[in-house]
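The figures that follow rest on heavy atoms only: side chains count, while hydrogens, waters and symmetry mates do not. These numbers come from a predicted model, not from an experiment. Sequential numbering from 1 along the given sequence is applied to the chain's residues.
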Amino acid sequence: MMTMVAVAGAVGEALQEQWPGRNVRRNACPAAFDRPALLVEISIQERRVMSRTLYEETGTVTVTCFGETDSNGMADADWLAEEAQTLHALFSAGYLTVASRAVRFSLKETTFKADRCRTVFDCAFVETTATEDHLPLMKEIHSRAEI
């Protein structure tokens, strides 16, 4: 069963492949951490029922790139912009393969602060609710037709 947690794990793996050796964290960073670093966060926004056994789950994946800072706590703005562009390119195909399935990705926004850039992607996937039938099957059908 596909989950947003699995999506976040696949995003972390893709980031690790793009930037080998870079510190990739999930959900939170400690007060002191090695920079440059990446933080992956997820949120589930909606689960929409499509049929009795299918639903579409949509959410956001946020990737924050923390740059090395100077004595004033500022990161190089050009470096942050290049990191954001590399991140955009990484997900430019419009999907990410997660457990042999394609999860739709689209860029929502990128914002910059003194020491980081934050990129938000919308993502969505379709999943089944169950593999077993919970309702009894019809065994007989009685009908009457008049001509």
Side-chain angles (χ1 to χ4, degrees), residues 1-139 141:
M1 177 177 222
M2 177 74 70
T3 65
M4 287 297 290
V5 174
V7 172
V11 169
E13 290 172 10
L15 295 173
Q16 201 70 62
E17 286 178 22
Q18 179 66 38
W19 290 287
R22 178 137 341 150
N23 192 2
V24 177
R25 301 222 174 247
R26 294 272 305 276
N27 300 324
C29 284
F33 58 94
D34 293 333
R35 292 172 178 253
L38 298 158
L39 173 66
V40 178
E41 300 169 280
I42 58 169
S43 73
I44 300 169
Q45 294 179 338
E46 181 182 15
R47 182 176 279 187
R48 184 176 61 91
V49 175
M50 299 176 73
S51 70
R52 183 174 72 86
T53 59
L54 292 176
Y55 66 89
E56 179 183 50
E57 190 162 306
T58 59
T60 60
V61 174
T62 303
V63 179
T64 306
C65 298
F66 295 93
E68 292 187 30
T69 57
D70 60 17
S71 59
N72 296 322
M74 304 285 289
D76 183 284
D78 291 338
W79 183 88
L80 289 174
E82 288 175 9
E83 294 292 289
Q85 288 297 319
T86 303
L87 188 59
H88 297 171
L90 186 61
F91 296 100
S92 66
Y95 72 94
L96 178 68
T97 302
V98 181
S100 74
R101 309 242 325 261
V103 176
R104 291 189 317 266
F105 266 74
S106 62
L107 176 64
K108 186 172 184 178
E109 69 176 346
T110 297
T111 56
F112 295 87
K113 291 192 176 179
D115 67 335
R116 69 193 76 173
C117 65
R118 182 175 177 261
T119 302
V120 181
F121 296 95
D122 286 327
C123 64
F125 59 88
V126 175
E127 184 61 85
T128 59
T129 55
T131 56
E132 300 175 17
D133 286 331
H134 295 291
L135 300 175
L137 298 175
M138 286 193 291
K139 296 186 183 196
I141 298 175

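When the shell of 6.0 Å around CG of Asp70 is examined, it contains more than 12 heavy atoms from other residues, nucleotides or ligands. Taking a 6.0 Å sphere around OH of Tyr55, one finds it holds more than 12 heavy atoms contributed by other residues, nucleotides or ligands.
The CD atom of Glu82 sits 11.0 Å away from the SG atom of Cys117 when rounded to the nearest 0.5 Å. Once rounded to the nearest 0.5 Å, the distance linking CZ of Arg118 with CG of Leu87 reads 12.5 Å. In this structure, the separation between CD on Gln16 and CG on Asn23 is 8.0 Å, given to the nearest 0.5 Å. Expressed to the nearest 0.5 Å, how far CD of Glu83 lies from OG1 of Thr110 amounts to 12.0 Å.
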- Test side chain to side chain contact (heavy atoms under 4.5 Å, CB included) applied to Val5 and Arg26, step by step: CA-CA 10 Å; Val5 174; Arg26 294 272 305 276; 3.8 Å; yes
- Please step through side-chain hydrogen bond (donor to acceptor under 3.5 Å, both in side chains) for the pair Ser43 and Thr60, ending with a clear verdict. CA-CA 5 Å; Ser43 73; Thr60 60; 2.7 Å; yes
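Considering only heavy atoms from C-beta on, Arg22 stays 4.5 Å or farther from Leu15 through its side chain. Put simply, the side chain of Val7 reaches to within 4.5 Å of the side chain of Val61, judged on heavy atoms. A 4.5 Å side-chain heavy-atom check between Thr64 and Glu41 finds at least one atom pair inside the cut-off. Looking at heavy atoms from C-beta onward, Arg48 lies out of side-chain contact with Thr58 at the 4.5 angstrom threshold. Annotation: side chain of Pro36 is in contact with side chain of Trp79 (closest heavy-atom distance under 4.5 Å).
Pro30 and Arg25 make their closest contact through CD-NE, 3.5 Å (heavy atoms, listed as atom of the first residue, atom of the second, distance). Heavy-atom minimum distance, Met4 versus Gly59: CE-CA, 4.0 Å. Between Leu39 and Phe66, the shortest heavy-atom contact is CB-CE1, 3.8 Å. Heavy-atom minimum distance, Ala8 versus Ile42: CB-CG2, 3.3 Å. For Leu80 against Gly67, the heavy-atom pair with the smallest separation is CD2-N, 4.2 Å. In terms of heavy-atom proximity, Ala75 sits nearest to Asp115 at CB-CA, 3.7 Å.
Checked options Val11, Thr119, Leu107; the residue passing with Phe91 is Val11 (criterion: side chain to side chain contact (heavy atoms under 4.5 Å, CB included)).
The main-chain N or O of Met74 is never found under 3.5 Å from a side-chain atom of Asn72 such that the two would form a donor-acceptor pair.
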I'd like a table of donor-acceptor pairs (distance under 3.5 Å, sequence neighbours excluded) in which one partner is a side-chain atom from residues 98-105, with atom names and distances.
| from | atom 1 | to | atom 2 | distance (Å) |
| --- | --- | --- | --- | --- |
| Arg101 | NH1 | Glu127 | OE1 | 3.2 |
| Arg101 | NH2 | Val126 | O | 2.3 |
| Arg104 | NH2 | Glu56 | OE2 | 2.6 |

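For Arg35 and Glu68, the salt-bridge test fails: no basic side-chain N is under 4.0 Å from an acidic carboxylate O.
By the side-chain contact (heavy atoms from CB on, under 4.5 Å) test, Ser71 pairs with no residue at all, sequence neighbours left out.
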